[in-house]
Amino acid sequence: MPPRKPDHPPAPEIVPLGLSGLLVRFADRLDDAANRAALAFRAAVASARPEGVEETAASLGSVFLRFDPARTDHARLSAEVGALLGRADWRAAALPAGRRLWTIPAVFDGPDLAEAAALAGLSSEAAVADLAAARVRVLAIGFAPGLPYMGPLPDRWDIPRQSALTPVAPAGAVVVAVRQIIIFPTATPTGWRQVGRTGFRAFRPGAAVPFPLSAGDELRFRAVEAAALEALVAADPEGGGAVAEPIP
């Protein structure tokens, strides 16, 4: 029997979207290397400034470019984007500069902690230790203003969403599913399991920087008791004691 050929990641796809959009897709599912590629490529597009591109956004494994149809078109921009894609192995490219490491206090007392821990094959205590030890990356911002999809968590956290919807998870809730973890910026219905809570506000209307987290930032939780979190929120109502430091 011939040896099995090694798997190779698919080549990036360039997909027209509507009249004024272009999607560069590195993967169609959660993949750490594809997310790194999306973040690095988005930064390269911002630096190259192709004619007519007015906005870019990175998702879990792709980059969206919105352009002005009066200044360019799908064919011309696709050619420019294709040339830029050919300049590097984007899956191996360095992440963009200017990223930060956030340390965010959290109480791991969520109503779904025991169930989520069991699905991950852990006790509740071991699950808390596991989540507090993880250093995750902000993979993308989306779904709701400022909402950070973060991960990837270890494989054991590839747990499914709930079959029923939780009507409301409060602002600051920490929820998990499919190897990702989220801090809800506002009260939100969810199918993810709530394992904890923070005083961190990921959406700050009226602030000079309404979304404190950026795609590419990294984050770790510091497990604290409920009384300690209350004191942190009293002193820092929007940050909940969060600290950010530059990543060299």
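Heads up: numbering here begins at 1 and tracks the sequence.
- Remark: Ile141 CD1 to Phe203 CZ distance equals 12.0 Å, nearest 0.5 Å.
- Remark: the backbone N or O of Pro160 is paired with a side-chain donor or acceptor of Arg193 at under 3.5 angstrom.
- Among Arg100, Arg99, Arg137, the single residue meeting the side-chain hydrogen bond (donor to acceptor under 3.5 Å, both in side chains) criterion with Glu218 is Arg99.
- Separation of atoms CZ (Phe41) and OG (Ser62) is listed at 11.5 Å; rounding is to 0.5 Å.
- Tested against Leu153, the residues Val178, Ile159, Asp158, Leu131 include a single side chain to side chain contact (heavy atoms under 4.5 Å, CB included) partner, Leu131.
- Contact annotation: the side chain of Trp157 approaches that of Asp130 to within less than 4.5 Å [non-hydrogen atoms, C-beta and beyond].
- In this structure the side chain of Trp102 never reaches within 4.5 angstrom of the side chain of Val136, judged on heavy atoms.
- Between Gln194 and Val175 the shortest heavy-atom distance is CA-CG1, 3.8 Å.
- Leu113 approaches Phe108 most closely through the heavy-atom pair CD2-O, 3.6 Å.
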Taking it one step at a time, do Leu95 and Arg36 satisfy side chain to side chain contact (heavy atoms under 4.5 Å, CB included)?
-> CA-CA 6 Å; Leu95 287 167; Arg36 295 174 66 92; 3.5 Å; yes
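- A donor-acceptor pair under 3.5 Å is formed between the side chain of Asn35 and the backbone N or O of Leu60.
- Put simply, the side chain of Leu85 reaches to within 4.5 Å of the side chain of Ile14, judged on heavy atoms.
- Residues Pro50 and Val81 are not in side-chain contact: their nearest non-hydrogen atoms beyond the backbone lie 4.5 Å or more apart.
- Counting only distance, with no hydrogens or angles, the side chain of Arg197 and the backbone of Ala226 share no donor-acceptor pair below 3.5 Å.
- Shown here for Ala169 and Ala173, the closest heavy-atom pair between the two residues is CB-CB, 4.1 Å.
- Side chain of Asp217 to main chain of Val138: no donor-acceptor pair is present (N/O by atom type, distance under 3.5 Å, no hydrogens or angles).
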Apply salt bridge (Lys or Arg N to Asp or Glu O under 4.0 Å) to Glu238 and Arg201, showing your working.
-> CA-CA 5 Å; Glu238 291 197 321; Arg201 296 295 174 260; over 6 Å; no
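- Nearest heavy atoms, Ala34 versus Ala27: CB-CB, 3.5 Å.
- Contact annotation: the side chain of Gln162 approaches that of Asp112 to within less than 4.5 Å [non-hydrogen atoms, C-beta and beyond].
- Within the 4.5 Å cutoff, side-chain heavy atoms of Leu139 are placed close to those of Leu30.
- Atoms CD and OG1, from Glu54 and Thr56 in turn, are 12.0 Å apart once rounded to the nearest 0.5 Å.
- Side-chain N or O atoms of His74 include none that pairs as donor or acceptor with a backbone N or O of Pro69 at under 3.5 Å.
- Interatomic distance, Leu84 CG to Trp90 CH2, rounded to the nearest 0.5 Å: 5.0 Å.
- With hydrogens and angles left out, the side-chain atoms of Arg220 and Thr103 include a donor and acceptor closer than 3.5 Å.
- Placement of Leu39 and Val24 in two distinct hydrophobic clusters is found when ILVMFWY residues are connected by side-chain heavy-atom separations under 4.5 Å, directly or transitively.
- Counting non-hydrogen atoms of other residues, nucleotides and ligands closer than 6.0 Å to CD of Glu225 gives a total of 12 or fewer.
- Within the model, atoms CZ of Arg222 and CG of Leu229 stand 9.5 Å from one another, a figure rounded to the nearest 0.5 Å.
- In this structure, the side chains of Asp28 and Glu13 stay at 4.5 Å or more apart for every pair of heavy atoms.
- Contact check for Phe200 versus Leu213: side-chain heavy atoms found under the 4.5 Å cut-off.
- For the pair Thr198 (side chain) and Gly172 (backbone), a donor-acceptor distance under 3.5 Å is present.
- In this structure a side-chain-to-backbone donor-acceptor pair under 3.5 Å is missing from Arg42 to Val63.
- Here the closest non-hydrogen pair linking Ala116 and Val176 is CB-CG2, 4.1 Å.
- To the nearest 0.5 Å, the span separating CG on Leu22 from CZ on Arg76 amounts to 13.0 Å.
- Residues Leu119 and Leu122 share a hydrophobic cluster, clusters being chains of Ile/Leu/Val/Met/Phe/Trp/Tyr side chains in contact below 4.5 Å.
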